[in-house]
Number of protein chains: 2
Amino acid sequence: MKLSKKSDYALRAMIYLSANYQKGAVQIKEISAKEKIPQKFLENILLTLRKVGILNSKMGLRGGYELARSPDLITLGQVIRALDGAIAPVDCVSQMSYKPCSEEVTCVIRSVMMEIRNAIADVLDKMTFADMCKRAADSLEKSERKALTYTI
Amino acid sequence: MKLSKKSDYALRAMIYLSANYQKGAVQIKEISAKEKIPQKFLENILLTLRKVGILNSKMGLRGGYELARSPDLITLGQVIRALDGAIAPVDCVSQMSYKPCSEEVTCVIRSVMMEIRNAIADVLDKMTFADMCKRAADSLEKSERKALTYTI
DNA sequence: ACTAACTCTATCATGTTGATAGACTTTTAA
DNA sequence: TTAAAAGTCTATCAACATGATAGAGTTAGT
């Protein structure tokens with residue numbers, strides 16, 4: 001039950017790219033520096049996201065990466081699945097890498113794991129990067145207001 | 001986001017022990033055979049569960065393992081935490097192995113992971129092994145009725 | 001005392017994770 | 001037209017986790 005560093009980095013990079021959606025291509029180097037992600041590691045991550053069609057890239061001087069579509073059309077689930085694979089805790093309840101278990105029909109562990117899978121998917125597949133940016137703005141504002149209150 | 005084989009085996013063994021709760025100590029060998037779990041591997045698992053107080057053991061001839069308390073007082077969460085550790089997808093939202101992340105207050109990834117942790121915990125900490133036995137009985141009955149229907 | 005059972009520690013092969021290296025290709029702008 | 005800046009691709013690595021096995025102990029019922 002663990003989010004890999006890879007997916008964590010990917011989410012951070014995606015939030016960064018979402019916040020800069022209108023500004024055109026952003027370079028790996030910039031994301032790497034701002035989000036403190038090892039550059040070479042980030043290269044692989046972004047490459048993967050490009051291959052699944054979440055990002056577009058421009059090669060050459062002044063190249064970079066940008067979202068392939070609007071942030072409200074990309075969910076956390078899409079990104080995590082691209083990097084970590086299936087979200088389900090066991091394969092027999094996975095949409096992505098389904099493998100039947102021996103006693104499918106009566107297996108009670110399976111039924112509980114299905115509940116968990118659905119609960120996770122419910123969060124990750126509904127949450128878009130537009131939502132994430134909004135949340136970030138909200139919580140920043142809130143913490144600034146708080147800081148202001150304290151300094152009075 | 002993956003349940004380890006260890007936890008999976010543990011859950012199966014616990015369900016088996018719950019179903020045999022009134023019958024006194026059950027031997028590793030029996031559980032291993034019935035649930036098709038490598039015996040030596042199972043030894044380690046049961047030992048761990050004993051150390052955290054979920055199981056009691058009797059040594060010597062006619063020894064074995066049994067639940068330390070009634071099945072309705074043991075949750076799946078307790079067992080999985082004993083074997084796999086924290087349930088939370090990232091440490092900064094974990095009750096069990098909490099480690100602060102740098103930007104705790106404003107981190108939006110954290111807030112989403114907290115939602116997921118809570119959703120998972122909500123399932124695992126409410127579901128007891130008594131519930132599991134009931135489910136098993138229900139689904140067995142259902143599949144038998146179904147089989148009957150088919151054979152008419 | 002014999003034996004069936006749990007206890008404990010060590011070991012092992014395999015795979016995954018997080019990270020790095022370097023050679024290659026594409027594009028732009030001077 | 002060429003140098004520099006950017007992405008592309010493949011290989012490699014150390015460290016760790018996982019799933020499993022081995023074997024020498026210890027305990028207790030008969």
Side-chain angles (χ1 to χ4, degrees), chain A residues 1-13 17 20 23-33 35-68 80 82-86 89-91 97, chain B residues 1-13 17 20 23-33 35-68 80 82-86 89-91 97:
Chain A
M1 311 285 189
K2 194 86 180 156
L3 187 74
S4 70
K5 210 85 181 157
K6 208 166 181 174
S7 278
D8 180 55
Y9 287 159
L11 294 182
R12 290 178 199 286
L17 286 169
N20 291 276
K23 295 187 195 161
V26 178
Q27 281 118 43
I28 293 180
K29 202 199 288 185
E30 177 181 339
I31 306 173
S32 154
E35 296 294 332
K36 299 196 187 66
I37 304 170
Q39 180 167 341
K40 278 295 194 176
F41 199 19
L42 185 56
E43 280 183 20
N44 280 307
I45 293 167
L46 299 184
L47 208 49
T48 302
L49 291 175
R50 199 213 49 158
K51 281 178 184 164
V52 299
I54 291 174
L55 295 180
N56 284 333
S57 64
K58 277 186 208 158
M59 279 179 68
L61 195 56
R62 305 210 166 254
Y65 281 95
E66 61 191 351
L67 302 188
I80 292 177
L83 292 159
D84 278 3
V90 293
D91 286 341
S97 57
Chain B
M1 311 286 191
K2 194 85 180 160
L3 188 73
S4 71
K5 210 85 180 159
K6 209 166 183 175
S7 279
D8 180 54
Y9 287 158
L11 295 182
R12 290 177 199 288
L17 286 169
N20 292 276
K23 295 184 194 162
V26 177
Q27 282 117 44
I28 293 181
K29 202 199 284 186
E30 178 182 339
I31 306 173
S32 153
E35 295 295 330
K36 299 195 187 68
I37 303 171
Q39 180 168 340
K40 278 295 193 176
F41 198 19
L42 184 56
E43 280 183 21
N44 280 306
I45 292 167
L46 298 185
L47 207 49
T48 302
L49 290 175
R50 198 214 49 156
K51 282 178 185 165
V52 299
I54 291 173
L55 295 180
N56 284 333
S57 64
K58 277 186 207 156
M59 278 179 67
L61 196 55
R62 303 212 167 251
Y65 280 95
E66 60 190 352
L67 301 189
I80 292 178
L83 293 158
D84 279 2
V90 292
D91 286 339
S97 57

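So that the names make sense, note that chain A is the first sequence line, chain B the second, and so on, each numbered from 1.
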Student: Would you say the side-chain atoms of B:Ser32 pair up with the backbone N or O of B:Pro38, donor to acceptor, closer than 3.5 Å?
Tutor: no

Student: Quick one: OG on B:Ser57 to CD1 on B:Ile28, what's the gap to the nearest 0.5 Å?
Tutor: 9.0 Å

Student: Provide, to the nearest angstrom, the distance between the NZ atom belonging to B:Lys6 and the P atom belonging to D:dA17.
Tutor: 11 Å

Student: May I have all residue pairs that pass side chain to side chain donor-acceptor pair (under 3.5 Å) and include part of residues 3-12 of chain A, sequence neighbours excluded?
Tutor: A:Ser4-A:Asp84, A:Ser7-A:Asp84, A:Asp8-A:Arg12

Student: If you round to the nearest 0.5 Å, how far is CZ of A:Arg50 from CD1 of A:Ile45?
Tutor: 15.0 Å

Student: What is the 5' to 3' range of DNA chain C, first to last nucleotide, that sits under 4.0 Å from any heavy atom of chain A?
Tutor: C:dG18 to C:dA29

Student: Spell out protein contact along nucleotides 4-9 of chain D as letters: B when the base is contacted, S when just the sugar-phosphate is, - when no protein heavy atom is under 4.0 Å; keep the 5' to 3' order.
Tutor: -BBSBB

Student: Are A:Lys2 and B:Met1 side-chain neighbours, meaning at least one heavy-atom pair lies under 4.5 Å?
Tutor: no

Student: For A:Glu66 and A:Leu17, indicate whether the former's side chain and the latter's backbone hold a donor-acceptor pair under 3.5 Å.
Tutor: no

Student: Could you state the interatomic distance from OH (B:Tyr65) to CD1 (B:Ile54), rounded to the nearest 0.5 Å?
Tutor: 12.5 Å

Student: A:Ala68 and A:Gly53: which non-hydrogen atoms are nearest, and at how many Å?
Tutor: CB-O, 3.4 Å

